[in-house]
Every structure is written in C-alpha cells, then in structure tokens.
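Structure first, then comments.
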2 protein chains.
Amino acid sequence: MEFREAKDKFIQTWGTLATQWGINRSMAQLHALLLISPEPMTTEDVMEQLQISRGNASMNLRDLMDWGLIYKQLKAGERKEFYVAEKDIWKVARQVAKERRRREITPVVEVLNDLKAIDASTPEAQEFRRVMEGLSSVVGFADNTLNAVIKAEENWLMSQFLKVFR
Amino acid sequence: MEFREAKDKFIQTWGTLATQWGINRSMAQLHALLLISPEPMTTEDVMEQLQISRGNASMNLRDLMDWGLIYKQLKAGERKEFYVAEKDIWKVARQVAKERRRREITPVVEVLNDLKAIDASTPEAQEFRRVMEGLSSVVGFADNTLNAVIKAEENWLMSQFLKVFR
DNA sequence: TTGTAATTTCAAAAATAATTGAAAGATAAT
DNA sequence: ATTATCTTTCAATTATTTTTGAAATTACAA
C-alpha cells in the first residue's frame, strides 16, 4: 500500500469510527491528521488537507486541546499558531480515560447514588433498587478500569492482562 | 424521592447518556424501562410509557434483541409478544462487551494491520508506522480488557481491581 | 380459506448535530 | 494609532440521524 493511500485510509477510518462513539468526524480526522504529521501544522494546513471550513477547524482544534490530545505551539518569528498532537499513544489513552471518567462516569455515579436511596416498599420499587445496585457495581468496575489505565505505567498493565487472559 | 420520580429520572438519564455514546435515545430508554420492570411488557405497554410510535418501538426492540439485552417471551393463550430484559447486570455487561468487541475492535485491528504494512522509506511514512504500531498496542489492550469482562466470573474480576487499585 | 390481531417495513417528516462563512475580536508589527 | 494578519464566534445552512405512521406482511383462529 502506498503511503498516501494508507494515510487517507487511516484518516477516513478514524473519522467513521468516531461517529460510532459519539464523536464528530471532523474532530476525529483532525486528531488523526495531527497524530501522523511529523511537523506542527497550521489551521490553514488542516483546513486544506481535510477540506473543512475555518470555523470547523477552529472549534474542533479547541475541543482537542480541551481533551488534552493536542497542543498549541508558537514558532519564533511566526505570527501563526501551530498545532501538534501528543505522540505518546499511551499518554493519549490515559488522557482519554481521564476525560471520559470525569465527563461520563462521575455524573452517573451521582445519579445512581440518588436513585438507590428510594424506599423499596412495593415490588416495583424493590426491583428498581436491585437494578440500581447492580448498575452501581458495573459502573464501579468501569471506574476502576479507567483508573487503572490512568495510573498505569506504560506497559505494565497490558503485560498483566496478557499474562492472565489468553 | 418517590418511586415514580426515580423511575422517570432513571429512564431520562439513561436516554440522555446514551446519545453521548452514539446510541439512540429510544433504544436506551426501552432498555432502561424493561430493566426495571418486574413484569414482561408488550409493545403497546412500552409505546404508552415512553410515548413513542409503534415503528420506533418495533425497530429498537429488535435491535436490543440483536444485542442480546432483551428477550421475547410468549404467554400461553396470548396472541401478543412480551419482552423481558436480561436482569443479571453482569451478564448484560458481558454481552455489551462482547458485541462492542465484535463490532468495533475486530474491524479496527484488521485495518491497523493493513496500515502497519506500508514501507517506511520517508520520514512521514516512518512516523505513520510508529503511530499505527502504538495504536495497535492500545487497541490490543482494549481487546484484552473486553475479553476479561467477557470471560470473567461475576465478582472475581472486580474484586481483583478493587484490591489492586485504590 | 377468510378475517382479525399483531408485527414489521420503509418512505416521508421531524429532530438533532455538524458545518459553513462572514463578522467581530484579538494580537502584533509598522 | 492604524493596519495587517490571524483566530474565534455564532446565526444560518446543510447533513445526518431518528421517529413517525400507514401500508404490507405475518401469524393465528374460526
């Protein structure tokens, strides 16, 4: 496979995949593009490569920064801002785990704690509480897993998993 | 909190949350509703409770069955079909892990293997391959984690995590 | 069979999400 | 202080996804 072809396929695949995960295509493609770019890129660069508007680029680059997945870089003498992706993929994974935990797990834990508190007088309410308790334990597991990723040393965690689960 | 209120909040919260994950609201709400219902429900029942159309109910109930999260149940003498959710939450988690693995991880592994195969002659191509290799290892980790969930005994895995990560 | 109840399908409509592009807002050089 | 360059914002547009509802299909009973 040619490099150009591979590059396009990667950006395209990442974009498609992202939508399955509730992430918009432009953001995923921007990240993909910066990940594989050895050089920092300007807004103009990414606009041209992905054929997207200035506004789209600006907003999604900001979102990627909020996720801690890319950084702004200033070049001496240059007026423009350059962007670079975090290249350490395990750091990227940790960062994503951290953000998803913060944005998705934490709020759910709170809601479930509230909902567990109803008094289980009727059979319906009893069933309800059983489900809430079950969900709490699953969410707790997800939380622990994300924490494991967040705190893990680069290869340690994976090697553990590889050892135990075949 | 009243039971009715708690129930509404749960269904509502689950529906909202789902959209963040790329799952449509009706499907998530249907699942939530069936999860907390002690009795099997008919299509009419769910249509009324969630205020959704027949077509919507039909399609999303089918999708939930494809995910292995609910079952059809026939009652002797009754013409209608009844639906029940899988109530064992850890089984639900295993089922979701299994499906996400099949639908999301497996295809990505294949694409990455293809993309890793380009020859790294230019600096760009070299960077590209480095990224692909990094992604492969992260995806491999995700795969292992999902497998762990899929194969795990109900409480064993969680207790392990609780022990190790505080 | 024929009729009836229930379910599924799918084109059209509605709702939601993403993207554009031009104006407003910065920032730095002159 | 003015101009030129670059960035951000946001209302309007476009694209995508979800939902509807009525027709077609299926399943069963008389």
Side-chain angles (χ1 to χ4, degrees), chain A residues 11-34 39-67 69-84 103-104, chain B residues 11-34 40-67 70-84 103-104:
Chain A
I11 291 172
Q12 161 64 34
T13 303
W14 225 239
T16 307
L17 211 70
T19 61
Q20 287 196 314
W21 278 84
I23 294 161
N24 81 57
R25 194 171 69 246
S26 297
M27 182 167 158
Q29 289 187 339
L30 279 168
H31 189 220
L33 179 60
L34 289 171
E39 297 300 325
M41 298 182 81
T42 65
T43 305
E44 292 289 342
D45 292 337
V46 299
M47 282 170 61
E48 177 171 4
Q49 289 237 7
L50 300 180
Q51 291 290 310
I52 61 176
S53 70
R54 187 173 302 283
N56 193 358
S58 174
M59 286 165 105
N60 284 115
L61 286 170
R62 163 201 272 283
D63 282 351
L64 284 168
M65 286 199 294
D66 291 346
W67 276 82
L69 300 179
I70 67 173
Y71 312 112
K72 246 181 205 170
Q73 206 171 70
L74 301 176
K75 279 195 184 174
E78 290 264 23
R79 182 80 171 271
K80 285 176 287 201
E81 294 171 327
F82 289 75
Y83 296 92
V84 273
R103 296 173 195 223
E104 291 164 25
Chain B
I11 291 173
Q12 161 63 35
T13 302
W14 226 238
T16 307
L17 212 69
T19 60
Q20 288 195 315
W21 277 84
I23 293 161
N24 83 56
R25 195 171 70 247
S26 297
M27 182 167 156
Q29 289 187 338
L30 279 168
H31 189 220
L33 179 60
L34 289 171
M41 299 182 81
T42 65
T43 305
E44 292 289 342
D45 291 339
V46 299
M47 281 169 61
E48 178 170 5
Q49 290 236 8
L50 300 180
Q51 291 291 309
I52 61 175
S53 71
R54 187 174 302 285
N56 193 358
S58 174
M59 287 166 108
N60 283 116
L61 287 170
R62 164 200 273 283
D63 282 351
L64 284 167
M65 286 199 293
D66 290 346
W67 276 82
I70 67 173
Y71 313 112
K72 244 181 206 170
Q73 205 171 69
L74 301 175
K75 279 195 184 175
E78 290 265 21
R79 184 82 169 271
K80 286 176 285 202
E81 294 172 326
F82 290 75
Y83 296 93
V84 274
R103 296 172 195 224
E104 292 164 26

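In what follows, every chain begins at residue 1, and chains take the letters A, B, ... in the order their sequences are listed. The shown structure was predicted, so the numbers you read here are calculated from the model rather than taken from an experiment.
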Checklist entry - About how many Å separate NZ of A:Lys80 and OG1 of A:Thr43, when rounded to the nearest 0.5 Å? => result 9.5 Å

Next on the checklist: Using whole Å, what does the distance between atom C1' of nucleotide D:dC28 and atom NZ of B:Lys80 come to?
Outcome noted: 15 Å

Checklist entry - In terms of the nearest nucleotide of DNA chain D, which residue is placed more toward the 5' end: B:Ala57 or A:Gly55? => result A:Gly55

Next on the checklist: Assuming nearest nucleotide by heavy-atom distance, tell me which of A:Glu78 and B:Asn60 is located more 5' along DNA chain D.
Outcome noted: A:Glu78

Item to check | side-chain contact (heavy atoms from CB on, under 4.5 Å) evaluation trace for B:Tyr83 with B:Gln73 | outcome: CA-CA 6 Å; B:Tyr83 296 93; B:Gln73 205 171 69; over 6 Å; no

Next on the checklist: How long is the straight-line distance from CD of B:Gln12 back to CD of B:Gln29, given to the nearest 0.5 Å?
Outcome noted: 6.5 Å

Checklist entry - Is there a donor-acceptor pair closer than 3.5 Å between any side-chain N or O of A:Asp45 and the backbone N or O of A:Thr42? => result yes

Item to check | Working for side-chain contact (heavy atoms from CB on, under 4.5 Å), residues A:Met41 and A:Phe82 | outcome: CA-CA 5 Å; A:Met41 298 182 81; A:Phe82 289 75; 6.0 Å; no

Item to check | Minimum-distance nucleotide (side-chain atoms of A:Ile52 versus D:dT7, C:dT7, C:dT20) | outcome: C:dT20

Next on the checklist: Rounded to whole Å, please give me the gap between CE in B:Met59 and C1' in D:dG21.
Outcome noted: 12 Å

Checklist entry - Is B:Lys72 near enough to C:dT8 that one of its side-chain N or O atoms lies under 4.0 angstrom from OP1 or OP2? => result yes

Checklist entry - When rounded to the nearest 0.5 angstrom, what is the spacing between CD1 in A:Ile23 and CH2 in B:Trp21? => result 9.5 Å

Checklist entry - Quick one: A:Leu61 CG to C:dT19 C1', roughly how many Å, whole number? => result 14 Å

Checklist entry - For the residue pair A:Ala57 and A:Leu30, what are the closest heavy atoms and their distance? => result O-CD1, 4.2 Å

Checklist outcome for this item: Per atom distances to the B:Arg79 side chain, the nearest of C:dT4, D:dT20, C:dT19 is C:dT4

Item to check | For atom CZ of B:Phe82 and atom C1' of C:dT7, their distance in whole Å | outcome: 14 Å

Next on the checklist: Just the rounded figure in Å: distance from C1' of D:dA15 to CD of A:Gln51.
Outcome noted: 17 Å

Next on the checklist: For a quick check of understanding: with a heavy-atom distance under 4.0 Å over all strands, which category does B:Arg54 fall into, base, sugar-phosphate or nothing?
Outcome noted: base

Next on the checklist: Within the 4.0 Å heavy-atom criterion, would you say A:Thr42 contacts the bases, only the backbone, or no part of the nucleic acid?
Outcome noted: nothing

Checklist entry - Across the strands shown, which category fits A:Glu44 at heavy-atom distances under 4.0 angstrom: base, sugar-phosphate, nothing? => result nothing

Checklist entry - Near DNA chain D, which residues from residues 16-24 of chain B have a heavy atom under 4.0 Å away? => result B:Asn24

Item to check | Minimum-distance nucleotide (side-chain atoms of A:Ser53 versus C:dT7, C:dT20, D:dT7) | outcome: C:dT20

Checklist entry - Are the side chains of B:Trp67 and B:His31 in touch, meaning some heavy atoms are under 4.5 Å apart? => result no

Item to check | Nearest-nucleotide pick for A:Arg25, side chain only, options being D:dT16, D:dT8, C:dT7 | outcome: D:dT16

Item to check | Atom pair distance, as rounded to whole Å: CG in B:Leu50 and P in D:dT18 | outcome: 16 Å

Checklist entry - Which whole-number value in Å describes the distance from B:Arg62 CZ to C:dA6 P? => result 20 Å

Item to check | Nearest-Å distance for atom pair CG/P, residues B:Asn56 and C:dA11 | outcome: 17 Å

Next on the checklist: Check the phosphate of C:dT19 against A:Ser26, side-chain N and O only, distance under 4.0 Å to OP1 or OP2. Yes or no?
Outcome noted: yes

